[in-house]
Amino acid sequence: MAFIPVCEPMLAGNELKYVTEAVSTGWISSSGKYVNEFEKQFAAYSDCQYGIAVCNGTIALHLALVALGIGKGDEVIVPTFTMIASAYAICYTGAKPVFVDADKNSWNIDVKMIEEKITSRTKAIMPVHIFGKMCDMDVINALADKYNLYIIEDAAEAHGALYKGKKSGSFSDIAAFSFFANKNITTGEGGMVVTNNKKIYDRARYFKNVCFPLDGPRNYQHDNIGYNYRMSNVVAAIGLAQVEKADEYKGMRIRNHQLYKKYLADVPGIIFQSDSAEGCEDVCWMNTIVVDSEIYGHHKDELIAHLKENEIDTRLLFTGMHKQKAMLNYGCDCSGNYPVCEWLTENGFYLPSASSLTEEQIKFICKIISDFRK
Ligand SMILES: Cc1ncc(COP(=O)(O)O)c(C=O)c1O
């Protein structure tokens, strides 16, 4: 079988048509109909009223925090098991990330451990829907209400995921998405913040656009430090075409995940993220497995090497934020124990996860894993 990459984008709709239209009409900056249309449609897809397209998901998280006025002296609670962008964005504002371990089954932030990390400086909780699995938003919302905290959803990996019938991105004051090339919906590089709060929306679009007055004249007078986080019309043209296919692509990722589970069901020592909770739909961004080496008979590194010999690409999982020199040097408290995160990092990895994977490819990958078991 030919080489199977860990992920590749699915560009099977109107991408070329819209990009061609943007280029041929000369609308290639951040002005142009595709930016507005992409914002409108993606926000609606996420059960939100407002969307603001930006250059990538990291910036979307930063803009979300800026829009809420989070800064120096503040603390934001975030899972230690996440992509470093979640924590970086908090650091960009001058605030401090405070880490919480993952739950052993969902691999999301352990909601039972959040409350003990709340202090008088805590301003927000940033739940991250890891690998497209929704966090337990009822518990997080209750904590936010009790302590008067903001919620910023890091929904970078969870486009279209459902929690009790509502979409990811609609459970927070403001949420951030990534459209990096491996995401279920992609623009190559890109991101968006979504919100249902008009005030927060206005602040976000003000700071995104170098703090030009929102409705006043462009007189080049700026009252605050702003950012140029604008997305171009060419990139948004791809985004719009992707949103049109969002449910189709989501269905393909979910199907792939189900196939992996089916073909690996009888392989002892292979552990998956827990299934979607009742009334929820996780979107299976990356097919991740954790290898219990005592039962499987090999450490995950040996399995990764074996898959590579068979032309199957894989990726390691995140190293916890509490293990990052960058976080320690920034002044975060990296002491304490984070056993679940460390277990995931040590024993887990991603299998190929592109929407376009065929059942034959997945069957082949699973057979390699099954046959290698000692
Ligand atoms: C959980 C999480 N947050 C934030 C980001 C940052 O997104 P981007 O790569 O678009 O900057 C990612 C990217 O993969 C992510 O997985």
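All residue numbers in this chain count up from 1 along the given sequence. Each ligand, and each atom within it, is numbered from 1 in the order the structure gives.
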I'd like the residue list for ligand 1, meaning every protein residue with a non-hydrogen atom under 4.0 Å from the ligand. N56, G57, T58, L61, T82, M83, A85, S86, V128, D154, A156, E157, S178, K183, G190

For K146, give me all partners under salt bridge (Lys or Arg N to Asp or Glu O under 4.0 Å), at least two apart in sequence or on another chain. E115

Residue set satisfying side chain to side chain donor-acceptor pair (under 3.5 Å) with Y338, at least two apart, ordered chain then number -> K117

Identify whether NZ of Lys or CZ of Arg in K167 sits under 6.0 Å from the centre of the six-membered ring of Y45 and within 45° of that ring's axis. yes

By side chain to side chain donor-acceptor pair (under 3.5 Å), K363 pairs with (sequence neighbours left out) none

Working to the nearest 0.5 Å, report the span between CD1 of I125 and CD1 of I114. 5.0 Å

Identify whether NZ of Lys or CZ of Arg in K33 sits under 6.0 Å from the centre of the six-membered ring of W27 and within 45° of that ring's axis. no

